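Everything below concerns the one structure shown next.
All of these numbers come straight from a predicted model, not from anything done at the bench.
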Amino acid sequence: MSEKKQTSVERVMAASTGLKRTMSTKAAIMVGVGSTIGTGLFLSSGDVISTAGPVGAIIAYIIGGFVAFFMTSCLGEMSAAMPVSGSLQAYTTEFISPAMGFTIGWVNWIGAAATITAQIVASAIIMRDMIPGSPTWLWIVVFAALLFGVNIFNAKAFGDISFWFASLKLVLVVVFAIVGLAMMFGLTSSEAVGFSMYGTQEGSVIKGISAVMLTAFYAYAGTEMFAVTAGEIKNEKDVPKAINMTLIILVAVTVVSIAIVAALLPWQEASVLGSPFVYVLRNAGMKGAALFVNIIVLTSALSSGNYFVYACARYLWSMGKYKQAPAVVAKTSKNGVPIVALVVSMLFALVAVVAEFVAEDSVYLFLVWFIGGGNIFMYTTICICQYRFRKRYLAEGGKLEDLNYKVAAFPLIPILGVISFLIMLVFTLMDPGEAMAIYVCAPCYLVIYLFARYYVKKTGKTAVNLDI
């Protein structure tokens with residue numbers, strides 16, 4: 001009697017075993033929130049405000065939120081149906097091709113490692129602002145060692161630490177919003193400014209938005225993190241809840257925060273050499289509060305980097321499971337931690353040392369653009385994967401009512417997602433600085449894909465016979 005042929009969902013789930021389900025749902029939500037609320041909001045928003053102006057900055061972040069919704073919805077449906085770590089690479093391998101899965105896995109890993117680097121560089125910038133003249137290299141070493149140490153623990157310990165760090169960020173944002181609104185409407189000793197700063201906008205709003213679209217979208221980089229935790233959440237049925245709560249919190253926090261900062265800080269004074277949140281408080285004479293916020297922003301940068309260390313190790317682990325990376329990286333410790341993948345990821349991320357020899361702000365902005373360029377590619381792929389997943393799921397006898405999470409208005413959402421990312425790419429290429437990152441990362445990704453095509457053809461690996 002012949003064996004029953006596996007469905008796509010069964011293949012993906014069978015190929016991604018080895019990690020332990022020890023993370024609570026609340027911790028998973030906070031991983032998604034905490035990994036995203038970081039320097040993209042607290043530091044690089046300074047570049048967005050100074051370039052696009054108050055109105056342009058708000059519009060850019062709203063657009064970024066909508067685009068993030070398209071991608072998150074698509075990834076959410078697949079993650080709820082197939083809750084595995086290293087999901088982006090696993091889904092792309094199954095629903096597009098092994099070669100593209102190989103490519104997206106490495107692109108995702110490089111992007112995550114670059115994000116670790118960006119957070120370490122940002123942390124060094126913040127420390128230099130707090131302690132003028134302090135050596136950048138010293139902070140890089142200290143922070144890298146700290147991030148590595150936290151990730152040696154199991155997923156439960158990581159989730160618990162992440163929960164409290166993310167909670168601290170949310171408390172900061174809420175307190176800042178309350179103080180900021182009080183300052184705007186004259187409820188403190190300062191004069192009411194209301195929305196008068198919005199009237200100081202100079203130049204074309206559309207041109208300003210196009211110049212910062214990639215940087216603004218970087219604030220939402222990390223929304224895919226809930227999918228990484230899907231393979232380690234205790235209760236698989238809570239994945240849809242984690243998806244919805246993560247997205248709602250992120251968009252609300254980002255847009256409200258930027259609207260308040262843009263109302264209080266002259267756009268000419270914003271930059272990436274310090275947090276615009278801190279500048280607002282310093283301008284109001286609250287130096288003690290500014291120092292406190294700087295400490296929280298530092299914590300935010302490090303915790304965001306911490307989440308990406310976690311994700312980076314899981315991405316590489318998943319590729320090892322799929323034979324798209326050396327098998328040794330798929331090994332785990334007794335606690336279920338992909339220890340080899342963790343070490344390799346941290347070593348790669350230590351390219352942050354270049355910040356000691358190149359201007360920190362230039363390095364940081366380039367990393368932001370580079371990561372943003374990779375995200376456009378990856379998020380477009382996610383939308384395509386969801387479209388193909390839904391089609392194949394139904395063709396293999398699956399029922400829509402059995403899906404824990406469903407994309408609304410299918411196939412409109414994945415199609416809008418692809419179109420949005422293509423438009424974002426056009427906007428990005430219109431700005432010389434952001435375009436440079438695309439010119440650098442695109443050839444790299446093409447080389448990876450061509451090698452992947454050769455590897456798949458040479459080894460005969462497919463989505464069906466991965467020999468795991």
Side-chain angles (χ1 to χ4, degrees), residues 8-9 12-13 16 25 28-29 31-33 35-36 64-96 100-101 103-105 107-109 111-112 115 217-233 236-251 307-308 310-312 314-315 318 371-372 374-393 403-421 424:
S8 300
V9 172
V12 171
M13 294 296 291
S16 302
T25 302
I29 293 172
V31 166
V33 172
S35 63
T36 308
F66 272 111
V67 177
F69 165 74
F70 296 144
M71 180 278 296
T72 305
S73 295
C74 290
L75 184 56
E77 179 172 297
M78 293 187 291
S79 296
M82 301 166 287
V84 297
S85 295
S87 53
L88 274 66
Q89 169 264 339
Y91 302 155
T92 307
T93 296
E94 178 65 34
F95 298 108
I96 295 184
M100 186 57 74
T103 305
I104 209 69
V107 169
N108 200 19
W109 181 75
T115 303
F217 188 65
Y218 173 70
Y220 296 100
T223 51
E224 73 278 8
M225 279 290 290
F226 69 82
V228 183
T229 64
E232 294 176 271
I233 294 178
E236 296 180 33
K237 294 183 179 180
D238 282 349
V239 172
K241 177 183 176 181
I243 295 168
N244 292 330
M245 289 302 298
T246 297
L247 191 59
I248 291 171
I249 292 172
L250 288 175
V251 175
Y307 300 124
F308 276 94
Y310 168 87
C312 204
R314 270 67 183 175
Y315 294 150
S318 181
I371 295 164
N375 285 344
I376 289 177
F377 173 50
M378 289 189 296
Y379 294 166
T380 301
T381 303
I382 288 171
C383 294
I384 296 173
C385 277
Q386 188 278 327
Y387 179 86
R388 301 191 69 170
F389 159 74
R390 175 74 75 88
K391 293 287 188 180
R392 193 185 299 179
Y393 175 78
L403 291 175
N404 290 331
Y405 184 96
K406 293 181 282 292
V407 167
F410 179 87
L412 183 61
I413 293 299
I415 292 174
L416 286 177
V418 172
I419 293 174
S420 297
F421 288 117
M424 188 179 294

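In terms of heavy-atom proximity, Asn108 sits nearest to Met378 at OD1-SD, 3.0 Å. Between Ser73 and Val407, the shortest heavy-atom contact is O-CG2, 3.3 Å. Considering all non-hydrogen atoms of both residues, Phe389 and Phe95 come closest at CD1-CZ, 3.4 Å. The two atoms that bring Leu403 and Ala81 nearest to each other are CD2-CB, 4.0 Å, heavy atoms only. Among all heavy-atom pairs drawn from Ser420 and Val67, the shortest one is CB-CG2, 3.9 Å. Nearest approach of Arg388 to Ile96, heavy atoms of both residues: NH1-CA, 3.9 Å.
Residue Ile104 holds its CD1 atom at 8.5 Å from OG1 of Thr380, rounded to the nearest 0.5 Å. Rounded to the nearest 0.5 angstrom, Met71 CE and Ile376 CD1 are separated by 12.5 Å. Taking CZ of Phe308 as the reference point, atom CH2 of Trp109 lies at 14.5 Å (rounded to 0.5 Å).
With a 4.5 Å cut-off on side-chain heavy atoms, Glu94 and Met82 do not count as touching. The side-chain heavy atoms of Tyr91 and Leu75, taken from C-beta on, include a pair separated by under 4.5 Å. At least one side-chain heavy atom of Phe69 sits less than 4.5 Å from a side-chain heavy atom of Ile413.
Remark: Tyr387 engages Lys391, Phe410, Pro411, Pro414 in a side chain to side chain contact (heavy atoms under 4.5 Å, CB included) (not counting sequence neighbours). Not counting sequence neighbours, the partners of Val251 by the side chain to side chain contact (heavy atoms under 4.5 Å, CB included) test are Tyr220, Leu247, Val255. Under the ring pair (Phe, Tyr, Trp, His ring centres under 6.0 Å) criterion, Phe70 pairs with no residue, sequence neighbours left out. With sequence neighbours left out, the side chain to side chain donor-acceptor pair (under 3.5 Å) criterion links Gln386 to Glu77.
Under the 30°/60° scheme for interplanar angles, the aromatic rings of Tyr379 and Phe421 are found to be tilted.
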